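Just so you know, these numbers come straight off a predicted model, no measurement behind them.
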Amino acid sequence: MPELPEVETVKRGLAPSLEGAVLSNVRLNRPNLRYPFPDHFAERLNGAAVVRLERRAKYLLAYMDTEDIWVTHLGMTGRFQVTPLGDNAAKALDGNYYHSIDTGAKHLHMSVVATALKERSVSANKGDQTHLIDYYDPRRFGFMLLLTPEELSASKWFQGLGVEPLDGALNADFLMAQFAGRAANLKTLLMAQGLIAGLGNIYVCEALYRARLSPDMAGRDLAPDGAERLSAAIKSVITEAIAAGGSSISDFAATSGELGYFQHRFKVYDRKGQPCLTQGCAGLIERKVHTGRSTFYCATCQK
DNA sequence: CCCACGACCTGTGGGC
DNA sequence: TGCCCACAGGTCGTGG
């Protein structure tokens, strides 16, 4: 399940085939994911071109040359797969092309063909410029929306979003101000998308470990030096995870099918009972639950 | 406003 | 081998 680094990895994987491409052959294999697909979803995307792809928090945004922004949230298990169509490109541009490579795949819910604009003007038959983009999502916690910019900023999904972890607005002062007076623990506060947007269970655990802060500390008890370490830890863990192509646990994969490799650098996540990796620390990693989510931490070096 | 919890889904892995 | 339970990257809505 994708947190910010995985969504960023997906965005980068989709960009070469989607940006500057015209969409066609939108196919829905079921009426809904977490929510119903938007009204007239296929009609509104077919024939439209993707101007640019962006990521906000864990949302993927495709700005179309129409009024629409095609928004995707991957939920826990959403995954895009990009396949060059090669010799099938010509058929793909024919409205009758039954385009999914395996339409019977159990969790393949949506597909679309993307054809590079400049290529289309020269020859529509060049397969390396036409891609099939398939969306899989076993648990269907993901969803897709079509919104105008105004609708997007007013929507319940976007209007309350907090700062991006890598934005300059996230710093020690911000944390001190936002956590002041808060009785909730650091784990819960860092998970709240309305404060910092994009962190999830893995990277919150890893950031708290790097900052040597207990997940149980009340927000109001965070001291300035701790806030400094926490801000730096969030930025470093997210930056490194993006550079590593995200984390592949169970089923996350980039659009090419390649796995991220940040999971090999986890210091605490899913390491219950294993030795703390801090030099000279004899502690063992523990697991406990905060607000329904597993937290992994070292009680010896996280205070 | 703040917070905890259930719900939404399917798959997998561990224990017996 | 099979069964059952716990748990999995998220977040929305509800109720206290």
* State whether A/Q193 places a side-chain N or O below 4.0 Å from either non-bridging phosphate oxygen (OP1 or OP2) of C/dT11. => yes
* Among B/dG11, B/dC3, C/dG10, which is the nearest nucleotide to the side chain of A/A184? -> B/dC3
* Asked: Between A/H107 and A/Y136, is the gap from one ring center to the other below 6.0 Å?
  -> no
* To do: Tell me what A/R182 touches on the nucleic acid: a base, only sugar-phosphate, or nothing, going by heavy atoms under 4.0 Å.
  => sugar-phosphate
* Just the dot-bracket of DNA chain C, please: which string comes out with Watson-Crick or G-U pairs under 3.5 Å, [ ] for crossing, | for another strand? -> .|||||||.|||||||
* To do: Grab the CG-P distance between A/N201 and C/dC7 for me, whole Å please.
  => 13 Å
* **Nearest-nucleotide pick for A/R287, side chain only, options being B/dC3, C/dT11, C/dA8** => C/dA8
* Asked: Is the A/F296 ring parallel, tilted or perpendicular to the A/Y269 ring (thresholds 30°, 60°)?
  -> perpendicular
* Asked: Phosphate oxygens OP1/OP2 of B/dC9: is one of them under 4.0 Å from a side-chain N or O of A/T77?
  -> no
* Asked: Heavy atoms under 4.0 Å, any strand shown: does A/R140 hit a base, just sugar-phosphate, or nothing?
  -> sugar-phosphate
* With sugar-phosphate meaning primed atoms plus P, OP1 and OP2, does A/K272 contact a base, only sugar-phosphate, or nothing at under 4.0 Å between heavy atoms? -> nothing
* Does A/K156 have a side-chain nitrogen or oxygen under 4.0 Å from the phosphate oxygens OP1 or OP2 of C/dC12? -> no
* To do: Take atom P in B/dG11 and the same atom in C/dC12, then report the distance between them in whole Å.
  => 24 Å
* Asked: For A/Q193, does the CD atom sit with more than 12 other heavy atoms under 6.0 Å from it, leaving out its own atoms?
  -> yes
* Are A/K58 and C/dT11 close enough that a side-chain N or O sits under 4.0 Å from OP1 or OP2? -> yes
* Asked: Out of C/dG10, B/dC3, B/dG11, which nucleotide sits closest to the side chain of A/H73?
  -> C/dG10
* To do: Quick one: pull up OH in A/Y35 and CE in A/M144 and give me the separation to the nearest 0.5 Å.
  => 14.5 Å
* To do: Starting from P on C/dT11, measure out to CG on A/L199 and report it in whole angstrom.
  => 11 Å
* To do: Please determine if A/R52 forms a cation-pi arrangement with A/Y63, meaning its NZ or CZ atom is less than 6.0 Å from the six-membered ring centre and no more than 45° off the ring axis.
  => yes
* Asked: From A/R34 CZ over to A/F143 CZ, what is the distance, rounded to the nearest 0.5 angstrom?
  -> 6.5 Å
* Stacking of A/F141 on B/dC8 base (centres under 5.5 Å, planes under 30°) -> yes
* How close or far is atom P of C/dT11 from atom CG of A/L4, stated in whole angstroms? -> 11 Å
* **Atom pair distance, as rounded to whole Å: CG in A/N32 and P in B/dA7** => 19 Å
* Output, in order, the C-alpha distance, side-chain angles, deciding distance and verdict of salt bridge (charged side-chain N to carboxylate O under 4.0 Å, His left out) for A/E164 and A/R56. => CA-CA 8 Å; A/E164 287 284 321; A/R56 172 75 169 107; 3.0 Å; yes
* A/N32 versus A/R30, side-chain donor and acceptor atoms under 3.5 Å -> yes
* Ignoring backbone atoms, test whether A/R293 places a side-chain nitrogen or oxygen under 4.0 Å from the OP1 or OP2 oxygen of C/dC7. => no
* Measure the distance from CZ on A/F266 to C1' on C/dA8 and round it to the nearest whole Å. => 12 Å
* Asked: CZ/A/F37 to CG/A/N29 distance, rounded to the nearest 0.5 angstrom?
  -> 8.5 Å
* Any idea which of B/dG11, C/dG10, C/dA8 is nearest the A/H107 side chain? -> B/dG11
* To do: Mind calculating the distance between CE (A/M191) and C1' (C/dC12) to the nearest angstrom?
  => 14 Å
* To do: Quick one: label A/Y59 by what it contacts on the DNA or RNA (base, sugar-phosphate, nothing), any heavy atom closer than 4.0 Å.
  => sugar-phosphate
* Asked: With a non-hydrogen cut-off below 4.0 angstrom, is A/Y35 in contact with a base, only sugar-phosphate, or nothing?
  -> sugar-phosphate
* Let me know the distance between CZ of A/F158 and C1' of C/dT11, rounded to the nearest Å. => 13 Å
* Given that A/R139 and A/F143 both sit by DNA chain C, which one's nearest nucleotide is further toward the 5' end? -> A/R139
* Structure fact -> note: A/K187, atom NZ; B/dC3, atom P; distance rounded to Å ~ 15 Å
